[in-house]
Amino acid sequence: MIRSRTLRTALISLTALIFLTVVAAPLLAQQADSGQTIALLPFESRAERLAVRLAGATPLARLNVDGRESLIVQASAARLGLLPSETVQRLGEVDTPGQTLFLADLTPQIATGTPLPDFAAFGTILWQDATHRLLLLSPEASLTLSQQGIRLIPLDQPISLKTQALLLPQPPTQPDPTIAALVAQLTSANIQNWDRRLSGVDTVSIGGVARNLTSRYSWSTNGRRSEQYVFERLQAMGYQPSYAPYVTPHGDLGWRNVVAEIPGQTQPDRLVLLVGHLDSIAHDTSSPGSQAPGADDNASGSASLLAMAELLKNERFAYTIRFVWFTGEEWGYWGSKPYVKTLADQGVKVVAAINLDMFGYDGNGDRVMELHTGTLPENVLLGDHLAKANQLYQLGLTLERKAATATRFSDHRSFWDNGYASLLLLENFFDGTNEDPRPKDLNPAYHSVNDKVGLVDFGYVTRIARMGMAAALYLAQPLSGQPTLTATSTSTATPTPTATATPSPTPTPTTMPGGCVELLNNGSFEENSSWTFGNTARSAGYSAQEAYSGARSLRTGIVPPTGNARAHSTAYQSITLPGNASTINLDFQLKATVEDANDYTEVLLLKSNFGVQKLLWRGRPVTAGWEARQFGLNQWAGQTLYLYLNTYNDGAGSRSWAYFDDVSITACYPITATPTPTPTLTPTITPTMTESPTPTPTTTPTATDTETPTITPTATETPTPTATESQTPTLTPTVTETPTSTPTETETPVVIESPTPTVTESPTLTLTPTPTPTVTVSPTPTATDTETPTVTPTVTETMTPTPTPTETETPVATESPTVTATVSPTPTPTPTATASGTLTPALSIPLYLPLIITPA
């Protein structure tokens, strides 16, 4: 469904598209594009977006005009003439020699009531609104305006209208103990110490010389010194930092961004960025080179990044975490603009960029802050991660989420302009709107010589910094924590629920005629078993409304009259594909109704960590009847994966839904071969008479330099089919649980939910001859820096739990988590999803919308 403001506008746009593609394209091919014109075009509805793309207009800037997404574009008069005249606002020609097109962002001046210069005296004003001026300026005029503190964004390169955003996972549903421990160690004392150094209160060493950074003004020597100071401190922490120099609109002035990173351990090519700008400015002095402390704007963000870098330097993550201190932000995002453009040109996989800019002032103490996401789905989902971190780690912030009224006046703009997921963390800067009902609480010393440490509320800063860091760490997937030890108390292979998802039982292959086995359980959906449904705003479920065969099917999406909502509707099941089958096929029947152009239904294979292995199919079908679909899965033979079915609704326009039935994954073998099902061998199990819970002991890494041993029980199965009698062990597990007390919350509370039960399993081996395959299960615990013992048949692993310490304002918490566990052999391996597991795409093309998995 076309979502424009009026049906008339939609019809006009659609007519224009037809004319453009059928009639005008051949004519334009015969014309030379001459007389380049600058125009302002609406870019909100799908028809408007298609019209801009098909017209071949070059996008130069995105901005919000009267509450609507709009574009400043450059195009020939002939091409603009093909668009509906009522949607095109022609601004002027750009063939003036020696002049450059700039977009002046006047947000800082408007916020502080600073008088504006007479722009007409400097050049040509092509267009203006309350916070912007579109200017044609000579080099001399642009230099003068820049040095007066006007943010001039050069429109010398096209921006990207194509998303490069990767698929983000669903936000977690419970705290991650590793992240919780790190959050507790990011204290206000740490951040305040860095802020005092960056804003000139404390003397620092730069190049071996004692100095006070009373200014980080970009045009001054202190600007270069502040870059050097951050670089040297990162070196002292053990990083290998680098400078990222760039050329400003006024030439190479020697300005540099500073970059450091923690390389990812499994997928280092995927980046999670924590960024903020280092430079400062003061409009109320003639000597900003020596009097621009910027303790709030933006030493609050820069100091937080330094404190994070110091805290995380020895941690390990699946993805790379990169810290960037941008410079030139106060002048028009001059540092971030070329830096992010280079990332996009090189095809760098940016998972997300979290921009920490100016969040130190909370004059009324209400802990309200602004989260600027914009309206694109990937950015809204990233905002969900920040909001969830605030909730899970009990940071006590009140979030004003800015979508339609989001600002672009910081370095996240550069990520948005290149199609990457990003957002801005900001203090309560803007006046109330429909999205933001509270009045602003703006620092009265903003952009002045009085922006000093005394006005900064470091408890407030710490809460926001913790939220940003927690979200970033979840996306980067921490690897430094202890593994989750899983004790199974029943006779079946029941997986243990964790924060990410609850995988279904590993199915026992069912032999089918013709030498084939069925690998999927309950593919007819006649039973209430085996499938896991994501806990989203609109969950999937079994349905008796439609069925290809039998009485029920699986429904994904939103069927009227259920109200529309932005939601994924997911169902998934774990499957193990045998390595010796000749063919492995997925078959299913589909009946779908996807009417909204932004909705879709999809079928994927996910890795065991819920990363995307393969997008098998995605589409927007409207099928009156059932359609049969088949996909070959041989290339993933030998792997344990998840079959994932999903319908996405964007919450606007029409609702979309789909029904699946007779879903089957079959593995077939040559006629001469004897099928050997690999997924599961089920020995005889004798469970205890008392049903016990399934505890999942977790541990929290220490803040000291003492290494915590890593215990990894490994089950090895060696099936040996034989016609002779063999012996099958009978296991009698017993589980007891002893939870610990909850930590005490102080003024800056971080609740670390770390239940540390004592788990004891006492296997009793009863050897009973049976004509079944021999199963040898040998768990081998692996401890860091110690020799691995050989244990038969019982392994005892001992760690002593210590209650999580209470955090105070200044000290860094020291925790020594240990767990006592006796782990018995488990005949059938149990798939578990880790709390830090995230959904990681592995597709050859970037996907536009996020993929969400939630626990049932």
Side-chain angles (χ1 to χ4, degrees), residues 492-495 497 501-513 516-565 567-575 585-595 599-606 616-631 633 641-649 654-666 852-856:
T492 58
T494 305
T502 306
S504 56
T506 303
T508 302
T510 302
T511 303
M512 300 177 66
C516 297
V517 294
E518 172 61 55
L519 304 179
L520 203 66
N521 279 339
N522 192 28
S524 63
F525 309 107
E526 300 301 314
E527 301 174 359
N528 296 327
S529 66
S530 303
W531 292 91
T532 300
F533 301 125
N535 184 20
T536 63
R538 297 291 185 269
S539 299
Y542 302 113
S543 174
Q545 299 299 314
E546 296 282 350
Y548 178 76
S549 65
R552 301 200 311 180
S553 64
L554 170 70
R555 188 266 312 150
T556 59
I558 308 172
V559 180
T562 303
N564 205 352
H568 286 74
S569 182
T570 64
Y572 50 98
Q573 181 178 150
S574 173
I575 43 112
N585 288 323
L586 164 66
D587 295 89
F588 59 87
Q589 295 287 339
L590 174 68
K591 185 175 183 180
T593 303
V594 183
E595 297 178 343
D599 299 344
Y600 56 82
T601 292
E602 62 186 354
V603 178
L604 300 96
L605 292 178
L606 305 184
L616 296 176
W617 175 80
R618 171 180 286 179
R620 300 178 176 88
V622 179
T623 54
W626 291 88
E627 289 185 355
R629 296 179 182 269
Q630 183 180 82
F631 300 91
L633 308 182
L641 303 169
Y642 289 91
L643 176 63
Y644 177 89
L645 312 175
N646 172 54
T647 296
Y648 172 76
N649 278 268
S654 297
R655 286 156 290 193
S656 300
W657 63 94
Y659 295 97
F660 292 85
D661 205 355
D662 289 0
V663 181
S664 171
I665 298 180
T666 55
I852 297 183
I853 294 180
T854 57

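- The structure places CD1 of Ile665 at 13.5 Å from SG of Cys516, a figure rounded to the nearest 0.5 Å.
- For the pair Asp662 (side chain) and Phe588 (backbone), a donor-acceptor distance under 3.5 Å is absent.
- The OG1 atom of Thr593 lies 12.0 Å from the CZ atom of Arg655; values are rounded to the nearest 0.5 Å.
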Evaluate side-chain contact (heavy atoms from CB on, under 4.5 Å) for Phe660 paired with Leu590, printing each intermediate quantity in order.
CA-CA 5 Å; Phe660 292 85; Leu590 174 68; 3.8 Å; yes
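- Scanning both residues, Ser529 and Asn522, for their nearest heavy atoms gives O-ND2, 2.9 Å.
- Although no hydrogens or angles enter the test, the distance criterion places no donor-acceptor pair under 3.5 Å between the side chain of Asp599 and the main chain of Thr647.
- Below 30°, between 30° and 60°, or above 60°: for Tyr572 and Tyr642 the angle between ring planes is above 60°, a perpendicular geometry.
- With rounding to the nearest 0.5 angstrom, the CG atom of Leu616 is 10.0 Å from the CG atom of Leu645.
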Go through it in stages, so that I can follow the logic: the residues are Ser553 and Ser543, the test is side-chain hydrogen bond (donor to acceptor under 3.5 Å, both in side chains), and I'd like the CA-CA distance, side-chain angles, deciding distance and then a yes or no.
CA-CA 5 Å; Ser553 64; Ser543 174; 4.7 Å; no
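- Listed by chain and residue number, Lys591 satisfy the side-chain hydrogen bond (donor to acceptor under 3.5 Å, both in side chains) test with Glu546 (two or more places apart in sequence, or in another chain).
- Considering only heavy atoms from C-beta on, Val663 comes within 4.5 Å of Leu586 through its side chain.
- Nearest approach of Ser654 to Asn649, heavy atoms of both residues: O-OD1, 4.0 Å.
- In this structure, the separation between OH on Tyr648 and OG1 on Thr536 is 11.5 Å, given to the nearest 0.5 Å.
- No side-chain donor-acceptor contact under 3.5 Å links Gln589 and Asp661.
- The backbone N or O of Phe533 lies less than 3.5 Å from no partner atom in the side chain of Ser539, so there is not a single donor-acceptor pair.
- Pairing each heavy atom of Leu520 with each of Ser664, the nearest pair is CD2-N, 4.3 Å.
- Environment of CD in Gln545: sparse, with no more than 12 heavy atoms of neighbouring residues, nucleotides or ligands closer than 6.0 Å.
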Trace of the side-chain contact (heavy atoms from CB on, under 4.5 Å) decision for Tyr600 with Trp617:
CA-CA 10 Å; Tyr600 56 82; Trp617 175 80; over 6 Å; no
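- Residue Trp657 comes nearest to Ile558 through the heavy atom pair CE3-O, 3.2 Å, listed as atom of the first residue, atom of the second, then distance.
- Contact between Ala540 and Thr556 at its shortest, heavy atoms only, is CB-CG2, 4.0 Å.
- Here the two rings, on Trp531 and Tyr542, have centers that are 6.0 Å apart or farther.
- A donor-acceptor contact shorter than 3.5 Å links the side chain of Gln573 to the backbone of Asn521.
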Given the rule in the side-chain contact (heavy atoms from CB on, under 4.5 Å) test, do Tyr659 and Val559 qualify, once you have shown the distances and angles that lead to the verdict?
CA-CA 10 Å; Tyr659 295 97; Val559 180; 3.7 Å; yes
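- Between atom OG1 of residue Thr666 and atom CG of residue Leu519 there is a gap of 7.5 Å, rounded to the nearest 0.5 Å.
- Taking both residues in full, the closest heavy atoms of Leu643 and Ile575 are given as N-CG1, 4.4 Å, listed atom of the first, atom of the second, then distance.
- Residue pairs satisfying the salt bridge (charged side-chain N to carboxylate O under 4.0 Å, His left out) criterion with at least one member in residues 526-538, sequence neighbours excluded, are absent.
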